[in-house]
Amino acid sequence: MSREPIIRFDRVSKRFGDFTVLDNLDFEVQPNEKVTIIGPSGSGKSTVLRILMTLEPINDGVVYVGGDPLWHEQRGDQLTPAREAHLRRMRERLGMVFQQFNLFPHMTVRRNLTEAPRRVLGLSRAEANERAAELLELVNLGNQADKYPGQLSGGQQQRVGIARALMMRPSIMLFDEPTSALDPELVGEVLKVIRQLADTHDLTMLMVTHEMHFARQISDRVCFFDQGRILEQGPPEEIFSAPREARTREFLHAVLNPDE
Ligand SMILES: Nc1ncnc2c1ncn2[C@@H]1O[C@H](COP(=O)(O)OP(=O)(O)OP(=O)(O)O)[C@@H](O)[C@H]1O
């Protein structure tokens, strides 16, 4: 493939004090590709998403989103650290769905959706409400716009979270373990909405998940992270059925057979 990747990590390192979370990471995602990141706890999966969402700065390397440096600005032939205005502009290309839904409890569902696009994109109230209504339909919550988050189930709140992330019309959606805070019976409805979204929209999706069955269904590519590096990656049928690396096999065995 010779297309320009929409996400590119070029030798990116991230440290917390002495602890190296990402170690010279090279990683690319193509436009419209659905990529899942799996791997042991602490291997740096969420950090990749948080860096892309500009929630966590990097120490070394360059991250590109849509061909432009994310944490840097191009000045002549030099890359210099990005200023806040650049980060704000770049952030609009991405939407993120968090493990904990992070909805504003004192705002209705509609306000939770319309607040940012009105403030950041300058949409009128009518435009924002219309967009919110469309997206609430998409996540099967067309009749819940006047409710407060506390009046909704976890699965419904997470679907609001998905609709909220889509309000800014991002070209890239990031999902950070979107179902891990949910009761098991509510997981299916959220995964169904994500699958629908993947099937019907031209979106690049990068997802951290422990739902292996879902990862297998939805992904074009699965990346196994281990100690801040990609140890192995490939199409889901390859990673799940015939992993090459012993660590991948051990990890998959442990998550697929939790009672052993
Ligand atoms: N703000 C922080 N300060 C210090 N250490 C941090 C910070 N954020 C993350 N870490 C550490 O970095 C490592 C990677 O974290 P990250 O959340 O990316 O892992 P993960 O692979 O997503 O794990 P999990 O599956 O448990 O969510 C962990 O060891 C974590 O403790």
Side-chain angles (χ1 to χ4, degrees), residues 7-29 34-63 65 70-71 81-82 87 91 94-102 154 157-158 161-162 165 172-184 186-187 190-191 194 204-216 218-219 221-234 236 239-240 243 245-258:
I7 295 172
R8 181 152 79 94
F9 280 59
D10 183 11
R11 301 179 67 81
V12 171
S13 292
K14 168 71 185 171
R15 293 179 285 275
F16 289 111
D18 291 342
F19 180 64
T20 300
V21 184
L22 300 181
D23 182 14
N24 261 319
L25 177 69
D26 285 329
F27 175 54
E28 290 187 353
V29 179
K34 319 295 181 227
V35 176
T36 315
I37 300 179
I38 62 171
S41 185
S43 57
K45 306 180 299 293
S46 299
T47 302
V48 168
L49 302 191
R50 293 176 56 78
I51 286 172
L52 283 166
M53 210 55 206
T54 70
L55 297 170
E56 208 62 81
I58 57 177
N59 297 105
D60 286 306
V62 185
V63 177
V65 172
L70 177 66
W71 282 100
L87 293 176
R91 208 178 283 143
L94 304 115
M96 182 151 168
V97 176
F98 297 87
Q99 197 170 346
Q100 302 294 343
F101 329 120
N102 292 352
Q157 290 187 53
Q158 189 57 304
I162 294 170
I172 302 167
M173 281 286 278
L174 309 173
F175 294 88
D176 191 5
E177 299 187 29
T179 58
S180 62
L182 297 176
D183 290 335
L186 302 177
V187 169
V190 172
L191 296 183
I194 298 174
T204 305
M205 287 191 180
L206 181 57
M207 179 158 15
V208 174
T209 185
H210 292 291
E211 299 283 341
M212 296 301 147
H213 185 64
F214 179 67
R216 189 171 189 144
I218 200 175
S219 314
R221 177 160 52 104
V222 176
C223 299
F224 178 70
F225 263 64
D226 190 46
Q227 300 184 347
R229 285 170 173 263
I230 299 173
L231 186 65
E232 177 165 8
Q233 58 181 319
I239 299 292
F240 290 116
E245 300 289 336
R247 288 183 79 93
T248 317
R249 284 198 292 275
E250 281 161 23
F251 171 79
L252 288 173
H253 184 81
V255 291
L256 295 172
N257 304 281

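Counting starts at 1 for both ligands and their atoms, following the listed order. We number each residue from 1, following the sequence as shown. Because the structure is predicted, anything quoted here is derived from the model rather than measured.
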Report the part of Phe19 (side chain from C-beta onward, or backbone N, CA, C, O) that has a heavy atom under 4.0 Å from ligand 1; answer both or neither where that applies.
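It is the side chain that gets close, since no backbone atom is under 4.0 Å.
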Below 4.5 Å, heavy atoms only, C-beta onward: do [X] and [Y] meet side chain to side chain?
X	Y	answer
Ile194	Met173	no
Leu49	Met96	yes
Phe98	Leu55	yes
Thr20	Asn59	no
Asp26	Arg11	yes

Measuring from atom 15 (O) of ligand 1, which candidate in Ile37, Thr47, Leu22 has the nearest non-hydrogen atom?
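The option holding the nearest heavy atom is Thr47.
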To check your reading of the model: name the closest protein heavy atom to [atom], its residue, and the distance in Å.
atom	value
atom 28 (C) of ligand 1	Gly42 CA, 3.8 Å
atom 27 (O) of ligand 1	Glu177 OE2, 3.4 Å
atom 26 (O) of ligand 1	Ser41 OG, 2.5 Å
atom 2 (C) of ligand 1	Phe16 CE2, 3.3 Å
atom 17 (O) of ligand 1	Ser46 CB, 3.6 Å
atom 25 (O) of ligand 1	Lys45 NZ, 2.8 Å

Say whether, by atom type as modelled, one donor and one acceptor occur between the side chain of Lys45 and the main chain of Gly39 under 3.5 angstrom.
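Between the backbone of Gly39 and the side chain of Lys45 there is a qualifying donor-acceptor contact (under 3.5 Å).
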With the threshold set at 4.0 Å, does a side-chain nitrogen-carboxylate oxygen contact exist between Arg15 and Asp60?
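Yes, Arg15 and Asp60 are salt-bridged.
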Subset of ligand 1 atoms that lie under 4.0 Å from at least one heavy atom of Val21:
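Those of ligand 1 that fall under 4.0 Å from Val21 are 12 (O), 13 (C), 14 (C).
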Going by the atom numbers of ligand 1, which of them fall below 4.0 Å from some non-hydrogen atom of His210?
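Close to His210: 25 (O).
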4.0 Å heavy-atom contact, [X] with ligand 1:
X	value
Pro40	yes
Gly39	no
Arg50	no

Return the CZ to CG distance between Phe9 and Leu25, rounded to the nearest 0.5 Å.
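These two atoms lie 6.5 Å from each other.
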With a sphere of 6.0 Å drawn around CZ of Arg249, does it hold more than 12 non-hydrogen atoms of other residues, nucleotides or ligands?
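Yes, CZ of Arg249 has more than 12 neighbouring heavy atoms, counting only those of other groups under 6.0 Å.
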Protein non-hydrogen atom below 4.0 angstrom of atom 31 (O) of ligand 1 present:
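No; the ligand atom in question lacks any protein heavy-atom contact below 4.0 Å.
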